[in-house]
Amino acid sequence: MKETPLSNCERRFLLRAIEEKKRLDGRQTYDYRNIRISFGTDYGCCIVELGKTRVLGQVSCELVSPKLNRATEGILFFNLELSQMAAPAFEPGRQSDLLVKLNRLMERCLRNSKCIDTESLCVVAGEKVWQIRVDLHLLNHDGNIIDAASIAAIVALCHFRRPDVSVQGDEVTLYTPEERDPVPLSIHHMPICVSFAFFQQGDPNPTYLLVDPNEREERVMDGLLVIAMNKHREICTIQSSGGIMLLKDQVLRCSKIAGVKVAEITELILKALENDQKVRKEGGKFGFAESIANQRITAFKMEKAPIDTSDVEEKAEEIIAEAEPPSEVVSTPVLWTPGTAQIGEGVENSWGDLEDSEKEDDEGGGDQAIILDGIKMDTGVEVSDIGSQDAPIILSDSEEEEMIILEPDKNPKKIRTQTTSAKQEKAPSKKPVKRRKKKRAAN
Amino acid sequence: MEEETHTDAKIRAENGTGSSPRGPGCSLRHFACEQNLLSRPDGSASFLQGDTSVLAGVYGPAEVKVSKEIFNKATLEVILRPKIGLPGVAEKSRERLIRNTCEAVVLGTLHPRTSITVVLQVVSDAGSLLACCLNAACMALVDAGVPMRALFCGVACALDSDGTLVLDPTSKQEKEARAVLTFALDSVERKLLMSSTKGLYSDTEQCLAAAQAASQHVFRFYRESLQRRYSKS
C-alpha cells in the first residue's frame, strides 16, 4: 500500500512545536520512551517495545564450516526484516533502501565492534564452527527502528544458550539440552544505538535535536545521527545521514547524551535478564504468556481445559450418516493400446466445429487421466508414431465424427493428435478439458 | 465451573472408565489472547496456546493494486512469516490454507476492489502451529472489524501409534505421532472449513468429532474475551 502522505499542516505543527521545545507525546528533548523487554520460553527469544515500536528477536545456532580466511572464528549473521504488519507501506518489493540501511547499521554496530567473542565459537579449527544467526522482525513501526532493533539483538544474544560441545582429541561430542545445560555466548560488551533527529528551521544555525524520534518526528526530520555506544563510553559506530551539517561540539554533545542513555538502557537490560533467569531457576512460569498483563481489558486468559471425548464415536457415526454421498465414482480406466487409456464414456460435444487443437473427452476423465496419459506417453510414443503412419485417411473423417459420438475405435487417431506435439498440447488441453468437466457434472 | 469439570475428568481417568479408547484425558493447553496490541495495523491479535504463540495483524479493507483487484469482492491476502530464516514452501502452503479458510468466512462482497491483508508472525512454535495461526487470524479479523459470516477456529489433534487421540499436541507429541490432523471449524454449525492432515490414519470422523467438541471451548474463549472487552461493566 502506498504510504499516506504527511499533510502540510501536520508538518508545520510538528516543526513549530519542536521549535518551542515541545513534543507531541509530552516528552522532553532528551527523553526516551518506555522500554519493555519480555522473553519467550526458548532461549534467545525476546520482544522489545520502545514506546509502540515493537521488535521480535530470535537467536539460533548451527554448526557449519568456517570461512576460508577466518578458519578459527565463528560466523555471525544478522537479518532484520520489516514485516508487513509493521506499516502498510512495507511491501516486499518496496522497502529495499531502508532495509539495506538498517541491516548495514546493525552489522556495523554488532559485528564490527566485536562484541561477541567469535574465537570461542570455534569447535574444530578449519572444520566446524558455530554460526550464530540473529533474526529480528519489526512488528510495529512507530519510529526509531534502529534503537529498538539493536536493543532486541543484544538482549537476544545475551539470553541465548548454545548447546555444549566437548572436544577430546579427535572426538567431538555435541550434547543435547537434556544431557548438559546449554552454554551462554561470550559477550564482551553491549553496544546500543541511540538516535538523534535533527531539524533545521530555515537558517542552519539553530538546529534542534530530539532523542528517540517517533514516527511523525522521523517524517519531518532533516537528518539523523546514530551513535552506537556501550556502557564503558566506547563509541562502536557513528552514522550521520540526511545531509545536515553538524558542528564538532554538537556531535560531542550528542555523544555525551548517548553515554547517559546507554548506561540507563544497559541497566534495564541487565535487570530484565536477571529477572528472567531468576524465574527460570525457581521454576516459575516464564514466557510470553506471563507478559500479557492480566488487567488489560483487551487481554484474556483461560487455563487448561479438559475436553470430554467420550462420545466421540457416536458423533463420528452421526457425521458419517449425515454426510452427503460421494459424487459419482469414475469408472476404472480402460487401456486400449499402450499410450491410450479411457476413463469415462465422454459426452456429446456441443461446441460446434472443432479444430485439431481441441482435445477429446477421454483425457478429461479426471486430472489423473492427464497424468496417466503423460506417463504413458513417454513410454508409448514410439508405438503411437507407428500407428499414425497407418491411419492418416481415417483422421480426416474423425474430425467430423468427433462432434457426434465418441467411439472407442477412434482412439488411435487421438493418439496421433497427441503425439504431434505431445508436451505442448498438454498445457492448452487443460483449459478445454476443464470446461467439459462442468458439462458432465450438469448432466 | 471449569475447575469442577477438571476434577471430574481426573476422577474418570483414575477409575479407568474410559468409555472410548480415545481416553477422557484430552485437554487443550492454556489459552491467552490479547487484541489491539499494535498501533499501525487496523486489527491485531496475539494468540497463545501453551507455548505456541502467533501474532496477527490485519490491514483492510484498503487500497489494492490494479493487477490484483477483483471487481466484485475483496482480495484477501495472507502472509505467514517464520521466526528463523526466510519463508519457504511450507509457509506458502500454510498461507494458502489459511487464506482459503478466511475467504470462506469473510464477506468480501461488501468491499469490492479492496484488499484485506492478514500478516501472521510466528513468535514461538511448540506444536499445533497451524491451529494457532487460524485462531490468531480470526481474532485479528474481529479486532479489525472485517465483516464475517461466522468466526472460525483451528483445532489440531494427533494420533499416536496405538490410536490414542491427543488434542492440541505439543511439538514432542507431534513428532512422535503417527498422524497429525488440523481442522478449521466454523462457529455457526461447527462445520468443517478446512482440514490439513499428515500421516497415516483411518478414523477421520472421530478426530473431526473430537475437534468439534474442542472447538466449543475455543469459541467460548472467543466469546468471553470479546465480552470482557466490549461489555459496559
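Protein chains get the first letters and strands the later ones, always in sequence-line order, with residue 1 at the start of each. None of these values were measured; they are calculated from a predicted model.
- Proximity to chain B (any heavy atom under 4.5 Å) is restricted, for Q58(A), to the side chain, taken from C-beta onward.
- For the atom pair CD (E62(A)) and CD1 (I84(B)), the distance works out to 10.0 Å, reported to the nearest 0.5 Å.
- The CD1 atom of I297(A) sits 12.5 Å away from the CD atom of E34(B) when rounded to the nearest 0.5 Å.
- Between chain A and the options S124(B), G85(B), S231(B), A56(B), the largest number of non-hydrogen pairs under 4.5 Å is found for G85(B).
- Within a 6.0 Å sphere centred on CZ of R133(A), other residues, nucleotides and ligands contribute more than 12 heavy atoms.
- Contacts between E49(A) and chain B at a heavy-atom distance below 4.5 Å are absent for every atom of the residue.
- With R54(A) contributing its side chain and L37(B) its backbone, the two residues share a donor-acceptor pair below 3.5 Å.
- Heavy atoms closer than 4.5 Å to chain A are found in the backbone of V122(B), but not in its side chain.
- Interface remark: S39(B) contributes backbone and side-chain atoms alike to the contact with chain A (heavy atom separation under 4.5 Å).
- Both the backbone and the side chain of V123(B) come within contact range of chain A, with heavy atoms under 4.5 Å apart.
- A donor-acceptor distance shorter than 3.5 angstrom exists from the side chain of H137(A) to the backbone of K83(B), with no hydrogens or angles considered.
- One finds no salt bridge joining D135(A) and R81(B) here, because no Lys/Arg side-chain nitrogen approaches an Asp/Glu carboxylate oxygen to under 4.0 Å.
- Options A32(B), G57(B), C33(B) differ in how many heavy-atom pairs under 4.5 Å they form with chain A, and the most are formed by C33(B).
- The shortest heavy-atom contact between V119(B) and M85(A) is O-CE, 3.6 Å.
- A donor-acceptor pair under 3.5 Å is formed between the side chain of N140(A) and the backbone N or O of R40(B).
- Environment of CZ in R223(B): sparse, with no more than 12 heavy atoms of neighbouring residues, nucleotides or ligands closer than 6.0 Å.
- Both the backbone and the side chain of L28(B) come within contact range of chain A, with heavy atoms under 4.5 Å apart.
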Quiz prompt | Full working for side-chain hydrogen bond (donor to acceptor under 3.5 Å, both in side chains) between N36(B) and T298(A) | solution = CA-CA 7 Å; N36(B) 209 15; T298(A) 51; over 6 Å; no
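- Chain B forms the most heavy-atom pairs under 4.5 Å with one residue out of D142(A), I47(A), T53(A), T41(A), and that residue is T41(A).
- Only the side chain of L56(A) has a heavy atom closer than 4.5 Å to any heavy atom of chain B.
- For chain A, the option among T204(B), L208(B), V64(B), L55(B) with the highest count of heavy-atom pairs below 4.5 Å is L55(B).
- Ranked by heavy-atom pairs under 4.5 Å with chain A, the list Q35(B), Q212(B), Q121(B), K65(B) is led by Q121(B).
- Here the straight-line distance linking atom SG of C45(A) with atom CG of D125(B) works out to 11.5 Å at 0.5 Å rounding.
- Side-chain contact between K301(A) and F31(B) is absent, with no heavy-atom pair separated by less than 4.5 Å.
- For I79(B), the part sitting under 4.5 Å from any heavy atom of chain A is the side chain, from C-beta outward, and nothing else.
- Q216(B) does not touch chain A: none of its heavy atoms, backbone or side chain, sits under 4.5 Å away.
- Using a 4.5 Å cut-off between heavy atoms, Y59(B) contacts chain A through its side chain alone, with no backbone atom that close.
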